[in-house]
Amino acid sequence: MTVEVLAGLSRPIIMGVLLGGLYALIALGLSMVFGVMKLINVAHGDLMIFSAYFAYAVMTTWGIDPILSLTMGIPLWFGLGFVIQKYAMSRAFGISMEAPLIIAFGISLILQSLAQIIWSPYSRALEAPYALGGISLGITTVPKTYLLSFVAALVVMLVLREFLRRSYLGKAIVAASQDKRGAELVGINTGRVYAFAFGIAMATAAIAGVFFGLTFPFTPTSGVGFLIIAFGVIIIGGLGSMLGTFIGGIVLGLTQTLSGYFLGAATQMLFVYLIVFLVLAVRPQGIFGR
Amino acid sequence: MDVDRNMKVPINQLRLMLPVVLVAVLAIFPIIGTPRVWLLYLFLFFVYLTMANMWNLLAGYSGLTFLGPAALIGLAGYTLVIVTWNDLPFYLGIIGGGIVAAAFAALIAVPTFRMRGIYFAIGTLVVPEALRYVFYLWKPVGGEMQGGGAGYMIKGIGELSLTEFYWLALAIGIVSIFLMRIILRSKLGLGLAAIRDSDRAAASSGVDVFRLKLYAFVIAAFVTGAAGAIFYIYQGYIAPASAFNIRWLMTCLLATVIGGIRTEEGPIVGTIIVVFLHFLLARYGALSLLIQGVILVVIMLLIPEGIVGFVRKTRAYRSLAALAAGR
């Protein structure tokens, strides 16, 4: 009896953990911007989806593999992020508290309608021969795309973590996020550091977009729902912690698959949003935050 | 507006007469055979204006960056469905929609007011998303569903025409303008201004922060809900994906920010621009949104105080105002 229950549960648990990896991958960039600049980049989901569209365009025009296309996508998105922060957000911070939020909304609106004009509102998907079908993980078979995104999330998370801990720029970003004036006093150009942080966050959004596009079909407005999931991830994971973000992603992924398993597929997203809302109401600094 | 009391009588009377005449002209529009398209865009103007006014009350004057107006509008729309499917008259649906939206606002005020600043914004952004899934699952009145999803037709509005919709929208639009005037000049408005500037300082000088925010939230929710119900009477159909859609927030945000957040006239100017863009670019849906997005970013960067705020700062306006005040 219990063996059967456990065997039945193993699939949603494994799927949940893997899905959580994808959520964490989407959330890493958001977490970085939120942690460093205290800015909710509401355009994050749309920037991520736009990267999926970019990979789609590269794939359909030149037949380049979506993951390979990231060699173009990552620098492009880094530059885009750098420019957005340097020329729009940095000015907005000086205006008022809600100005950056409103500008991010404007960018989100621009990206959504651009995607709609260029690629139509119909849903698109990224394809790669190695990502088709499933792969056996001993107990259960999972789609290869889930496993790929999980591995990508793990790699990006570890790279970011080490980057923030060891490199000079990484340490400067952490310093600027902890105490802006203190960082400036010891000679850190916080304006530049912010632009780099935004650029790096956008580079992770580019990666997330490609793996998202391989896993799920997407439309120009897919970004909004995943922005909220990503926000839930960083709220659960706590501010600015890369490992916390990863754990937060897995918690939300498990919430989704387990509530789908016990209460039916239709309820699963509802439970994800409920958990996000509850955590916000009870512990806004995050379960792992201080 | 203390200076106004010193004004000469003719200007004073003119000031009083102008809105009355304007409303009268607007009210007889459907009777004198104004083209349907015009009425339609005026209808949208008044509905959006109401929502933008209420959003301005929350975000501009109460320090509540409320990102979930779609929750109130959607709930009011579904209340309208329940009311009309039970063979009750539609106006009960409008009132009921307002009441349900207000009750819901009071309900979520307790957890969301605990969240501060940016957390409040995101907490309220989650609410409509969650509600959308509730209405995918919950079939409030049973019966036939429309369009494959969980959509419902609004019943019992067959005898209503655009003229009635238009009058309803005009009425709620005017109510929202007067409500803003009254609230901002009342004790509530002053308390809200104190909270917006610094909630700690307000609390320490005896302002009941939670209660005042709650009042503003509930009032705004009621009016927004009623406007949402009026919109759905016109639409005649509601579905979760469009009812709990972020577009509602975009409309409120665009109208308020373009016109000038924290100014009374801002939402009026902003809504004119938003509806005009709809009208001008009706055939190119995505392009219209693209232009609105660009305007939003440009306005925020160049004139963050909005068009009204910008005009007020100019020298020409100041000298005109001084002239009107008789100085």
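Throughout, protein chains are lettered first and strands after them, A, B, ... in sequence-line order, and every chain is numbered starting at 1.
With a 4.5 angstrom heavy-atom cutoff, B:Ile291 does not touch chain A via any of its atoms. Of the atoms belonging to A:Ser108, it is side-chain heavy atoms, and not backbone ones, that fall under 4.5 Å from chain B. Contacts between B:Ile261 and chain A at a heavy-atom distance below 4.5 Å involve the side chain alone, from C-beta outward. When heavy atoms are compared at a cutoff of 4.5 Å, A:Tyr87 approaches chain B solely by way of its backbone atoms N, CA, C and O. Contacts of A:Leu39 with chain B are absent, with no heavy-atom separation under 4.5 Å from either backbone or side chain. Within the 4.5 angstrom heavy-atom criterion, only side-chain atoms of A:Leu227, from C-beta onward, approach chain B. Residue A:Phe231 touches chain B through its side chain alone, counting heavy-atom pairs closer than 4.5 Å. Heavy atoms of B:Val298 lying under 4.5 Å from chain A are absent altogether. Both the backbone and the side chain of B:Met300 come within less than 4.5 Å of a heavy atom in chain A.
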Review point. How far apart are the C-alpha atoms of A:Thr267 and B:Tyr136, what are their side-chain angles, what is the distance that settles it, and do they pass the side-chain contact (heavy atoms from CB on, under 4.5 Å) test?
Key: CA-CA 9 Å; A:Thr267 60; B:Tyr136 276 135; over 6 Å; no

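With chain A as partner, the option from B:Ala121, B:Ala59, B:Pro304 having the largest number of non-hydrogen pairs under 4.5 angstrom is B:Pro304. Ranked by heavy-atom pairs under 4.5 Å with chain B, the first of A:Ile102, A:Val42, A:Ile103 is A:Ile102. Interface summary for chain B: among A:Ile228, A:Leu101, A:Val276, the most heavy-atom pairs under 4.5 angstrom belong to A:Ile228.
Pairing each heavy atom of A:Gly225 with each of B:Glu129, the nearest pair is CA-OE1, 4.3 Å.
Counting heavy atoms of neighbouring residues, nucleotides and ligands inside a 6.0 Å radius, atom CZ of B:Phe310 does not exceed 12 of them.
Taking the six-membered ring where tryptophan is involved, the planes of B:Tyr133 and A:Tyr273 are tilted, since the angle between them lies from 30° to 60°.
Summarising the geometry, atom CG belonging to B:Leu290 is positioned 5.0 Å from atom CD1 belonging to A:Ile117; distances are rounded to the nearest 0.5 Å.
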